Amino acid sequence: MGPQFLFATGIENSNPTIQNGTVRVDEMAKCGHYEHWQKDFELVQELGICFLRYGPPIHTTFLGPGKYDWAFADATFQDLLRRNIAPIVDLCHFGVPDWIGNFQNPDFPVLFAQYARAFAERFPWVQLYTPVNEMYICAQFSALYGWWNEQLSSDKAFVTALKHIVKANVLAMRAIVEVRADAIFIQSESSEYFHAENPAAIRPAEIMNARRFLSLDLNYGRRVDSEMYEYLMDSGMTREEYHFFMHNNLRHHCIMGNDYYRTNEHRVSADGRTRAAGEIFGYHVITSQYHDRYRLPVMHTETNLWQGPCGDEAVNWLWKEWANVLRVRNDGVPVVGFTWYSLTDQVDWDTALREDNGNLNPLGLYDLNRNIRPVGQAYKQLIADWDHVLPTRSICLQVPIVMPQESHRIWAQAQERKAKAD
């Protein structure tokens, strides 16, 4: 049995298109991962981390129906196996291959499920997955804000993208479970909250606070409230499509991943416009809201902050988020993991990848020269201090994780057989 608290980081693999699909924003390329992937995996080990949010670039791997180029994935995942680093495999991170087009394509869910199955068959030792990253944000930025991919801005476009993205996630989970019966899905989703700044803004804030749950409601087969049901129907979802989500519940394989940044809370004006509110409630309050709704184990799957002029801004944010994780845990919520995202600095997230400027964002545990930042040192120490303290105090709450090099052990194979029988 592997480590029972999932200290993790990630390698940023966002790849949406902008400028009407003519420019691909490939963060793996911008951050130098294609050249330095072996060094990046070494850095993960140097930090004492066993879990890595990671996935192959879908736009260069998935070449067409039944056509794949596994060369980069074979090299990288074989090295992860050798190092006994457990990947939490991120198969779709804000973008799709050019031949699929964008998230308005109704063929995307079935095609993506085929891709997920092919990956699981090629790498049967992989147990942990995030099939589609941040489904709500992906649909919102692509089809409501008009920033990425289809670059549309309407409720109908948003609901179309959302239903296709969530259906793709559900079908991918089903396909993966048919290959790996004890697969665990850690659904990394942005945890949001909308604050009304005056009485006239209460109504639009209430609508936004209901809409923030749509992706997970559909993914987990939870009935939406009546107003959101009308919103979905009015925006193009059919009753049959809605019933699909209600009848395809795989929540017993799921850990609810919550992402939290200082930008996740919003001030809402009377006309429905929003602006950043900064940290008001914080991770503890908002994650408790999500847990109260879904009653699933929780993992803090993303956070970061820029290293500012004082040099300790990101370190202080790390400790604040960690204090929130401990508070949620001490309140009785089964928190099973924590993630600083990402391993290295990122590029152009200051414009949410809307502009291809090449601006460095000092968000990582390491800079792009692979030199450790103060927050990297602090996270390494945090892991060393807490790794043997936090494994769940009750064996009943332990996550049945099989580390990569244990996948052929008799007990691991017995666990998978039992999961398939169940």
Side-chain angles (χ1 to χ4, degrees), residues 7-14 16 25 27 31 53 88 90 93-94 130 133-142 144-145 147-148 186-195 208-209 211-213 215-216 256-268 274-291 298-308 312-325 327-328 335 337-354 359-365 373-376 378-379 382:
F7 284 109
T9 187
I11 291 173
E12 164 72 331
N13 67 332
S14 295
V25 183
E27 281 291 293
C31 300
R53 291 198 57 206
I88 304 170
D90 189 340
H93 201 122
F94 297 147
T130 301
N133 172 74
E134 285 192 345
M135 298 181 289
Y136 173 80
I137 295 297
C138 186
Q140 185 179 55
F141 286 12
S142 298
L144 194 61
Y145 292 174
W147 291 354
W148 300 337
I186 303 173
Q187 189 54 61
S188 175
E189 185 58 281
S190 182
S191 52
E192 306 274 322
Y193 194 84
F194 297 85
H195 302 272
M208 293 175 190
N209 278 323
R211 194 167 61 196
R212 64 182 167 142
F213 291 123
S215 61
L216 293 181
M256 181 181 63
N258 287 84
D259 302 348
Y260 183 80
Y261 298 94
R262 265 201 326 203
T263 54
N264 283 37
E265 299 187 55
H266 316 269
R267 290 177 63 177
V268 183
T274 63
R275 55 195 172 107
E279 183 189 25
I280 297 176
F281 285 172
Y283 180 81
H284 167 245
V285 171
I286 297 176
T287 294
S288 296
Q289 293 174 351
Y290 278 75
H291 179 258
V298 172
M299 180 173 177
H300 193 328
T301 36
E302 284 187 24
T303 196
N304 65 41
L305 191 72
W306 285 44
Q307 179 176 306
D312 61 355
E313 292 87 345
V315 173
N316 292 335
W317 181 258
L318 169 67
W319 289 110
K320 182 181 285 188
E321 286 301 286
W322 182 244
N324 273 262
V325 166
R327 174 64 188 273
V328 172
V335 180
F338 176 80
T339 314
W340 184 275
Y341 197 86
S342 55
L343 178 72
T344 66
D345 290 346
Q346 301 171 20
V347 178
D348 286 334
W349 266 109
D350 53 310
T351 59
L353 306 185
R354 287 174 287 172
N359 288 343
L360 174 69
N361 309 144
L363 301 164
L365 300 168
R373 289 193 174 276
V375 70
Y379 193 32
L382 186 153

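This is a predicted model, so every value here is computed, not measured.
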For side-chain contact (heavy atoms from CB on, under 4.5 Å), just list the numbers for H300 and V335, CA-CA rounded to whole Å, side-chain angles, deciding distance to a tenth of an Å, and then say yes or no.
-> CA-CA 8 Å; H300 193 328; V335 180; 5.7 Å; no

Audit row: F141, R354, side-chain contact (heavy atoms from CB on, under 4.5 Å) steps and yes/no = CA-CA 10 Å; F141 286 12; R354 287 174 287 172; over 6 Å; no

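Side-chain atoms of T9 come within 3.5 Å of backbone atoms of L343 as a donor-acceptor pair (strictly under, hydrogens ignored). For the pair E313 (side chain) and G308 (backbone), a donor-acceptor distance under 3.5 Å is present. Checking side-chain atoms of N359 against main-chain N and O of D348 turns up no donor-acceptor pair under 3.5 Å. In terms of modelled atom types and a separation under 3.5 Å, the side chain of S342 and the main chain of I11 share no donor-acceptor contact. At least one donor-acceptor pair under 3.5 Å links the side chain of E27 to the backbone N or O of V347. Although no hydrogens or angles enter the test, the distance criterion places no donor-acceptor pair under 3.5 Å between the side chain of N133 and the main chain of H93.
We find the CD1-OG distance between I88 and S188 to be 9.0 Å, quoted to the nearest 0.5 Å. Once rounded to the nearest 0.5 Å, the distance linking OH of Y193 with CD of E279 reads 15.0 Å. Interatomic distance, CG of D259 versus OH of Y283, reported as 8.5 Å (0.5 Å rounding). The distance from atom CZ of F7 to atom CG of L382, rounded to the nearest 0.5 Å, is 5.5 Å. For the atom pair CD (E265) and CZ (F194), the distance works out to 10.5 Å, reported to the nearest 0.5 Å. Here CD of Q140 is found 13.5 Å from CE of M135. Values are rounded to the nearest 0.5 Å.
Counting only heavy atoms from C-beta outward, the side chains of M299 and T339 approach each other to under 4.5 Å. At a threshold of 4.5 Å between non-hydrogen side-chain atoms, the residues F338 and T303 count as touching. You'll find the side chain of E189 stays beyond 4.5 Å of the side chain of M256, heavy atoms only. Under the 4.5 Å side-chain criterion, counting only non-hydrogen atoms from C-beta, W349 is in contact with S14. Between W340 and E321 the shortest side-chain heavy-atom distance does not fall below 4.5 Å. The side-chain heavy atoms of H266 and M208, taken from C-beta on, include no pair separated by under 4.5 Å. Looking at heavy atoms from C-beta onward, L305 lies out of side-chain contact with K320 at the 4.5 angstrom threshold. You'll find the side chain of Q346 reaches within 4.5 Å of the side chain of Y341, heavy atoms only.
Remark: R373 engages Q307, D345, P362, D367, V375 in a side-chain contact (heavy atoms from CB on, under 4.5 Å) (not counting sequence neighbours). For S191, the side-chain contact (heavy atoms from CB on, under 4.5 Å) partners two or more places apart in sequence, or in a different chain, are N258, Y260, N264, I286, Y290. With sequence neighbours excluded, the residues forming a side-chain contact (heavy atoms from CB on, under 4.5 Å) with H284 are S288, N324, R327, V328, D331, listed by chain and number.
Across all their heavy atoms, W148 and A352 have their closest contact at NE1-O, 2.9 Å. The two residues I186 and G257 make their nearest non-hydrogen contact at CG2-CA, 4.5 Å.
For W147 and F94, the ring centers sit 6.0 Å or farther from each other.
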